[in-house]
Structures are given as structure tokens and as C-alpha cells.
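Okay, structure first, notes after.
Whatever order the structure lists them in is the order used to number ligands and atoms, beginning at 1.
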Amino acid sequence: MAEKNIPTHVSIIMDGNGRWAKLHGKERIYGHYEGTESVRACCEYAVERGIKYLSLFAFSTENWSRPDAEVSGLMDLMLRSLIDEFDTFQRNHIRLRVIGDKSGLSAKLIHCINDVESKTASNDQMTLIIMLNYSGKWDIVQAAQHYAADLKEGLTDISLDFNRFDGYLSTTGIPDPDLLIRTSGEQRISNYMLWQCAYTEFYFTDVLWPDFRKEQFAKALEAYACRDRRYGNVK
Ligand code: IPE
Ligand code: IPE
Ligand code: MG
């Protein structure tokens with residue numbers, strides 16, 4: 001039986017890898033390596049709790065401004081994780097989707113993403129969404145561009161409402177996040193799902209992402225279960 005007050009879609013801004021590494025006297029990249037252990041733990045726990053969509057902010061449009069070595073380290077890690085975690089996806093019946101501006105990614109990474117996406121397409125326990133080279137403003141602008149192109153081609157008309165605009169976003173078909181978790185003590189949205197988080201519940205924790213595992217995830221879900229969502233209405 002489905003658990004009560006379990007969010008359908010949980011999203012996480014996975015932050016604090018660099019600070020975790022520094023605390024442990026290591027290079028920043030080790031924080032990112034350790035962070036992949038948290039990704040696996042959280043995926044498995046999300047499946048266990050019956051969450052249907054888990055989206056993870058892995059790399060923002062703005063993260064390209066980091067030192068070249070860190071950016072290439074993160075891209076290599078992404079590629080390796082997709083290959084290494086394939087068995088985890090299959091074992092847990094997880095469907096993988098990658099959302100973001102793929103035009104900025106290497107051909108090798110795009111090939112691997114397409115491969116894992118197609119091989120896991122029929123898995124129906126949970127959809128794991130990796131937000132890669134993503135930003136909320138990018139998403140809104142690309143939606144507006146696609147709408148304008150359709151309008152020009154005569155494929156749509158001038159009447160545009162929230163639902164129809166939603167259909168142009170990169171996340172179309174995925175319910176808006178019910179719960180957004182951000183680790184590492186920062187309390188900002190950092191150009192994440194600006195449109196989609198209109199009525200999302202936020203949960204901030206000081207725990208750094210590499211230390212965010214099952215117990216911390218459980219605490220966030222416990223906090224969510226006590227929230228009163230009113231959507232502008234009265235209760
Ligand atoms: C999050 O950790 C990972 C990415 C943004 C890719 P950070 O790398 O931002 O870690 P801090 O915030 O510097 O500690
Ligand atoms: C947000 O974290 C992006 C990801 C987690 C991928 P950042 O570390 O890049 O955000 P800021 O710079 O602290 O706002
Ligand atoms: Mg950060």
C-alpha cells in the first residue's frame with residue numbers, strides 16, 4: 001500500500017561537495033566522487049519509500065565557469081557513473097532521464113546518455129532525472145523559442161496558457177517537484193527549476209551532499225509529511 005504524504009516528485013540541489021573535500025583535506029574532485037555514493041544511496045532509498053520521480057541537479061549552466069580541471073572531472077565522473085550505475089538502475093527498475101542543454105555536452109557523453117535512457121525506458125518503479133547543463137532561465141527561454149517556432153510554422157495558435165506553456169518545458173510530462181531539498185546550508189534556488197517550483201515545498205539542511213544519506217533523506221521526508229500545502233486557497 002502507498003505510504004501517506006509521500007511526495008510524488010522529490011528534487012535535490014546536491015551542494016557542498018567542495019566543502020566536504022576541504023574538510024577532509026582533499027581536492028574538490030574527491031567531494032564529487034563521494035557525492036556519487038550519496039546519489040546511489042538516495043536513489044535506492046527513494047525507491048524503497050515509493051517516490052516515483054527523483055530529480056538531481058548535477059551541473060548548472062553557470063558551473064561551466066569553474067576551473068577547467070573541475071569541469072572535465074565532473075563530466076568524466078558523469079560518464080563513469082552512468083556506466084557504473086546501470087546495474088543499480090536495472091536492479092531497482094529505475095528509468096533514467098537526463099534533462100538540460102545537451103548541445104553543450106561531449107558526443108561520447110551524449111551517446112552514453114542516449115544508450116542508458118533507451119535501455120531503461122521501460123523501467124517503471126521510479127524515474128531518475130539528472131539535470132545536466134540545466135538552468136531554469138534556459139528552460140523558460142528554450143520553451144518560448146519552441147513555442148515561437150511552432151507559431152511561425154502554423155503548428156499552434158496565439159492562445160497560450162500555463163498548461164500549454166508547460167508542454168514546451170524540458171520537464172514536460174514530469175509532475176512539478178513536491179519537495180525540493182538543498183544541502184550544505186545554502187538557502188537559494190541558484191537558477192534551478194524556476195517555473196516548476198511555483199508551489200514546491202523547500203527543505204534546507206546544513207548537511208553537505210556527500211554526508212546526505214538515507215537517514216538525512218528520511219528526515220526531509222518526515223518534515224515534508226507535516227507541511228500544509230494550500231496553493232493560495234484556505235483550509
Ligand atoms: C555541488 O557541490 C556539486 C556541483 C555544483 C557540481 P559544489 O561543488 O558546489 O560544492 P561547494 O558548494 O563548493 O562546497
Ligand atoms: C547549484 O550549486 C548547482 C548544482 C548543485 C549542480 P552551486 O554550488 O553551483 O550554486 P551556488 O553557486 O552556490 O549558487
Ligand atoms: Mg556549491
Exercise for review: Before giving the answer on side chain to side chain contact (heavy atoms under 4.5 Å, CB included), spell out for I174 and H9 the whole-Å C-alpha distance, their side-chain angles and the decisive distance to 0.1 Å.
Suggested key: CA-CA 8 Å; I174 298 165; H9 180 177; 3.8 Å; yes
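Atom 9 (O) of ligand 2 has its closest protein heavy atom at N63 ND2, 2.9 Å. In terms of protein heavy-atom proximity, atom 14 (O) of ligand 2 is nearest to S190 OG, 2.6 Å. Protein heavy atom closest to atom 2 (O) of ligand 1, with residue, atom name and distance, is N17 N, 3.2 Å. The single protein non-hydrogen atom nearest to atom 8 (O) of ligand 1 is R66 NH1, 2.7 Å, given as residue, atom name and distance. Regarding atom 5 (C) of ligand 2, its nearest protein heavy-atom neighbour is M14 O, 3.3 Å. At the top of the distance list for atom 10 (O) of ligand 1, counting protein heavy atoms only, stands G18 N, 2.9 Å. The shortest contact between atom 12 (O) of ligand 2 and any protein heavy atom is with R188 NH2, 4.6 Å.
In this structure, S184 contributes its side chain and L208 its backbone to no donor-acceptor pair below 3.5 Å. For S60 (side chain) and Y134 (main-chain N/O), no donor-acceptor pair under 3.5 Å exists by modelled atom type. Between the side chain of H93 and the backbone N or O of F89 there is no donor-acceptor pair closer than 3.5 Å. Here the side chain of T183 pairs a donor or acceptor atom with the backbone of D15 at under 3.5 angstrom.
The closest side-chain donor-acceptor pair between N17 and E34, if any, does not fall under 3.5 angstrom. Side-chain polar atoms of R230 and Y199 form no donor-acceptor pair below 3.5 angstrom. The closest side-chain donor-acceptor pair between D176 and W195, if any, does not fall under 3.5 angstrom. Counting only N and O atoms by type, the side chains of D139 and Q196 include a donor and acceptor under 3.5 Å apart. A donor and an acceptor atom, one from each side chain of S159 and R164, are located under 3.5 Å apart. Looking only at atom types and distance, the side chain of N133 has a donor-acceptor partner in the side chain of W64 under 3.5 Å away.
Those atoms of ligand 2 with a heavy atom of F59 less than 4.0 angstrom away are 6 (C). Short contacts between ligand 1 and H32, defined as distances under 4.0 Å to a heavy atom of the residue, involve ligand atoms 3 (C), 8 (O).
Residue-level proximity to ligand 1 for A58 is carried by the backbone, the only part with a heavy atom below 4.0 angstrom. When heavy-atom distances to ligand 2 are checked against a 4.0 Å cut-off, R19 has no atom that comes that close, whether in backbone or side chain.
Among the atoms of E186, none of the N or O lies under 3.5 angstrom from an N or O of ligand 2. Ligand 2 has an N or O atom lying under 3.5 Å from an N or O atom of R182, backbone or side chain.
Side chains of F217 and V10 form a contact here, defined as non-hydrogen atoms less than 4.5 Å apart.
Annotation: cation-pi pair R91/F86 absent, no NZ/CZ under 6.0 Å from the ring centroid and within 45° of its normal.
Shown here are the protein N/O/S atoms lying under 2.8 Å from the Mg ion (ligand 3), water excluded: D15 OD1.
Taking 4.0 Å as the cut-off, G16 counts as a neighbour of ligand 1 on heavy-atom distance.
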